[in-house]
Amino acid sequence: MPVTIYNTLSRKKEELKPIEPGHIKLYVCGITSYDYCHIGHARSALAFDMIVRYLRYLEYKVTYIRNFTDIDDKIITRANEQQTTTEELANRFIDEFYIDMDKLGVNRPTMEPKATEHIQEMIDLISELIEKNMAYPAGGDVYYSVNSFANYGKLSGRKLEDMQAGARISINENKKDPMDFVLWKASKPGEPKWESPWGAGRPGWHIECSAMSRKYLGSTFDIHGGGQDLIFPHHENELAQSEGANDTSFVNMWIHHGFVTIRDEKMSKSLGNFLTIRDILDHYHPEVLRFFIFSTQYRNPLDFSETAMQNAMAGLNRLYECLAAIEALEDHCSDTATPTMNSSDKEKIESLESNFQSAMNNDFNTAKAQGMLFETAKIINKTIRQLPTQPSQDEFTLLKKSGDTIKKLASIMGILQVQPSEFLASAKATMLAKTDIDETEILEYIEQRIQARNDKDWAKSDEIRDRLLKKGIELKDGADGTSWSVKRG
RNA sequence: GGCGGCGUAGCCAAGCGGCUAAGGCACUGGUCUGCAAAACCAUGAUUCAGCGGUUCAAAUCCGCUCGCCGCCUCCA
């Protein structure tokens with residue numbers, strides 16, 4: 001079963017065929033580090049984390065490069081505002097980025113090059129472009145000449161004429177063509193600068209990815225990824241630079257993920273609908289965010305809302321409850337017991353892994369893959385319910401094994417990786433933090449209620465239960481006493 | 001204006017020309033319970049924004065219309 005991926009360049013799903021058999025080389029545009037990361041950054045990191053995990057699960061070797069943009073206009077502006085250096089600011093937010101990524105359980109890429117550590121590679125690349133007459137110095141800057149690259153626009157599907165008609169391009173006296181973009185920027189007084197053949201300055205944004213991907217992955221590699229907003233101009237320009245300089249195809253497949261929206265609008269600071277990763281992690285278990293993000297295919301827009309997160313939590317809970325039920329099975333088997341599972345259910349359970357794979361092979365369809373997990377959980381729950389006290393050894397083994405398979409497959413999405421009890425407890429703690437009651441108070445009420453129940457004083461018992469419910473606490477009377485949880489929603 | 005995407009049950013979401021249109025959440029009924037809650041079980045689309053067309057066959061392909069979104073400036 002081949003992996004097929006939607007390639008932005010061809011606008012079709014294509015079979016993944018690594019250049020070097022068994023080895024996939026992937027480059028993803030990382031963050032510009034000048035602020036805390038938001039939920040959109042989380043989706044990007046998580047989407048490629050999932051892709052890499054899946055490819056490795058398929059036993060591909062994956063070399064995964066994700067860069068840090070640690071010098072650019074926004075960083076300079078922000079550093080000035082905070083009266084610090086660009087280096088200090090960028091490094092500080094790289095540290096914050098790692099804090100968020102670690103909480104989300106995102107695996108580190110193979111390498112994470114920083115732009116400022118690859119200035120020489122960029123200067124070399126720019127020099128090559130100048131030699132080939134594809135770039136020109138002007139007034140201390142260096143520009144890429146879009147007219148020198150016949151295929152300019154092939155990734156984003158734009159024509160130069162159309163783009164000029166749009167005419168939202170800043171006027172710049174130095175440019176030969178308004179669409180030409182900067183490769184090297186002369187530094188203004190007080191700005192960070194590096195020496196170059198064209199004077200002191202700093203690199204343009206697009207050139208860093210061309211230089212770093214070439215250094216670590218070569219002139220042609222398998223997959224380049226990023227958010228959909230990077231298609232133009234960033235990736236279009238990278239492609240023009242790299243193919244212009246290297247005279248060879250830059251990337252075989254371009255993967256672009258969709259946006260996270262809030263009330264169906266793209267997040268932005270000006271709209272005030274901006275949510276950082278840590279805002280969300282204060283209220284939800286990291287696996288809830290992961291589950292939510294993978295509840296739709298990576299290319300679709302994903303609308304964030306409290307309701308959606310509650311749904312995600314409920315769904316994840318259901319899967320954990322199923323795992324807990326499997327764990328709770330006691331090993332009392334009988335050789336003579338008749339199996340309770342019908343053959344079609346048994347077949348479905350046994351084909352979980354291959355069904356999961358075909359979902360994932362179809363452009364990493366995590367939404368469908370999640371559906372497979374639920375389908376299996378449903379059958380397992382049903383089976384466990386019908387199980388005699390002495391189940392057959394086969395059936396018992398199948399259930400245990402299915403639980404392990406669920407966990408293994410879920411690990412590709414980074415969910416179901418903690419003990420069910422641990423997840424439930426930690427979800428409870430974050431939920432409790434949102435209420436105005438604490439655990440000791442709840443336990444006191446429960447004690448009082450147990451007394452009332454022992455006295456068969458149902459009125460008082462119900463009154464206590466209602467009082468807690470008003471505070472958002474639900475009680476459950478089980479076989480082993482009363483337990484509590486925070487009411488959802 | 002140019003380019004791209006989307007519109008499937010109350011909500012989220014699979015589906016990529018042919019098996020009963022996955023799955024989740026919510027709702028409702030049942031099991032359980034002192035009553036509840038949780039959990040579990042069961043149940044929902046003769047129909048896929050609308051209209052035409054291609055085909056033996058369309059949610060799936062083509063055209064048009066309507067609605068929504070993104071990019072064309074930094075952006076995940």
Side-chain angles (χ1 to χ4, degrees), chain A residues 4 6 8 11-13 28-32 37-48 72-74 77 153 156-159 161-170 179 205 225-234 236 256-261 264-269 291-292 295-297 299-303 305 307-308 310-319 321-322 324-325 355 359 362-363 365-378 381-382 384-386 453 456-459 461-462 465-466 469 474-479 482-485 487-489:
Chain A
T4 54
Y6 182 87
T8 308
R11 292 170 210 292
K12 282 198 302 262
K13 281 185 193 171
V28 174
C29 292
I31 58 158
T32 298
C37 286
H38 56 67
I39 177 174
H41 296 115
R43 187 180 195 188
S44 177
L46 253 16
F48 290 105
D72 93 321
D73 289 347
K74 287 190 298 292
T77 309
S156 56
R158 287 153 215 263
K159 297 186 189 78
E161 311 86 76
D162 295 340
M163 288 189 267
Q164 282 154 24
R168 272 207 277 172
I169 301 141
S170 57
M179 286 310 296
W205 176 36
Q228 273 167 1
D229 54 344
L230 297 183
I231 296 172
F232 190 90
H234 186 54
E236 191 67 72
H256 291 101
H257 67 261
F259 284 107
V260 178
T261 59
D264 290 322
E265 277 177 318
K266 183 175 165 179
M267 271 195 299
S268 78
K269 287 186 178 173
F291 185 94
F292 163 68
S295 67
T296 186
Q297 204 265 354
R299 279 188 292 124
N300 295 147
L302 176 62
D303 196 49
S305 66
T307 317
Q310 297 292 346
N311 281 357
M313 180 140 73
L316 195 53
N317 230 69
R318 184 181 167 85
L319 292 175
E321 296 283 0
C322 174
N355 287 338
N362 184 11
D363 203 19
N365 194 337
T366 51
K368 180 147 192 194
Q370 283 186 351
M372 301 296 165
L373 260 23
F374 279 108
E375 237 174 21
T376 308
K378 191 178 203 164
N381 283 334
K382 192 171 77 181
I384 288 179
R385 203 179 139 77
Q386 293 168 344
R453 293 184 76 217
K456 298 222 187 301
D457 184 351
W458 308 125
S461 161
D462 290 353
R465 187 170 63 198
D466 289 347
L469 191 61
E474 278 178 328
L475 296 185
K476 298 170 202 170
D477 300 320
T482 299
S483 63
W484 62 275
S485 64
K487 191 170 161 48
R488 289 191 200 119

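Each chain gets a letter, A, B and so on, in the order the sequences are listed, and its residues count up from 1.
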Trainee: Starting at the 5' end of nucleotides 8-15 of chain B, put B wherever the base has a protein heavy atom under 4.0 Å, S where only the sugar-phosphate does, and a dash everywhere else.
Mentor: -----SSS
Trainee: Please compare M372(A) and R465(A) by the position of their nearest nucleotide in RNA chain B and report the one closer to 5'.
Mentor: M372(A)
Trainee: Could you list all N or O pairs between the protein and nucleotides 60-63 of chain B that sit under 3.5 Å apart?
Mentor:
none

Trainee: Under 4.0 Å between any heavy atoms, over every strand shown, what does L475(A) touch: base, sugar-phosphate, or nothing? Just pick one.
Mentor: base
Trainee: Checking all strands, does Q228(A) fall into the base, sugar-phosphate, or nothing category for heavy-atom contacts under 4.0 angstrom?
Mentor: nothing
Trainee: C27(B) pairs with which nucleotide, Watson-Crick or G-U wobble, both distances below 3.5 Å?
Mentor: none
Trainee: Heavy atoms only, 4.0 Å cut-off, all strands: where does H256(A) land among base, sugar-phosphate and nothing?
Mentor: nothing
Trainee: Apply side chain to side chain contact (heavy atoms under 4.5 Å, CB included) to D229(A) and list each qualifying residue two or more places apart in sequence or on a separate chain.
Mentor: F259(A), K266(A)
Trainee: Who are the side-chain hydrogen bond (donor to acceptor under 3.5 Å, both in side chains) partners of K378(A), not counting sequence neighbours?
Mentor: none
Trainee: Which part of the nucleic acid, if any, lies within reach of F374(A) when heavy atoms closer than 4.0 Å are counted: base, sugar-phosphate only, or nothing?
Mentor: sugar-phosphate
Trainee: Both distances under 3.5 Å, Watson-Crick or G-U wobble: report the partner of U55(B), or none.
Mentor: none
Trainee: Of all residues at least two apart in sequence or in a different chain, which pass the salt bridge (charged side-chain N to carboxylate O under 4.0 Å, His left out) check with R158(A)?
Mentor: none
Trainee: Classify the nucleic acid contact of H234(A) as base, sugar-phosphate or nothing, counting any heavy atom under 4.0 Å across all strands shown.
Mentor: nothing
Trainee: How is K266(A) classified with respect to the nucleic acid when contacts are heavy atoms under 4.0 Å: base, sugar-phosphate, or nothing?
Mentor: base
Trainee: What's D477(A) touching, base or sugar-phosphate or nothing? Going by heavy atoms closer than 4.0 Å.
Mentor: base
Trainee: Residues two or more places apart in sequence or in another chain: which of them pass side chain to side chain contact (heavy atoms under 4.5 Å, CB included) with T307(A)?
Mentor: S305(A)
Trainee: Which of the following nucleotides, G2(B), C41(B), G70(B), is nearest to the side chain of D162(A)?
Mentor: G2(B)
Trainee: Quick one: ring pair (Phe, Tyr, Trp, His ring centres under 6.0 Å) partners of H234(A), sequence neighbours excluded?
Mentor: W205(A), H206(A)
Trainee: Which residues pass the side chain to side chain contact (heavy atoms under 4.5 Å, CB included) test with T482(A), sequence neighbours left out?
Mentor: I446(A), R449(A), I450(A), R453(A), L475(A), D477(A)
Trainee: Identify, with sequence neighbours excluded, every residue that meets salt bridge (charged side-chain N to carboxylate O under 4.0 Å, His left out) alongside D462(A).
Mentor: R465(A)
Trainee: Give a yes/no on whether any side-chain N or O of R318(A) is located under 4.0 angstrom from OP1 or OP2 of G24(B).
Mentor: yes
Trainee: Indicate yes or no for a side-chain donor-acceptor contact from S44(A) to the backbone of H41(A) under 3.5 Å, with no hydrogens or angles considered.
Mentor: no
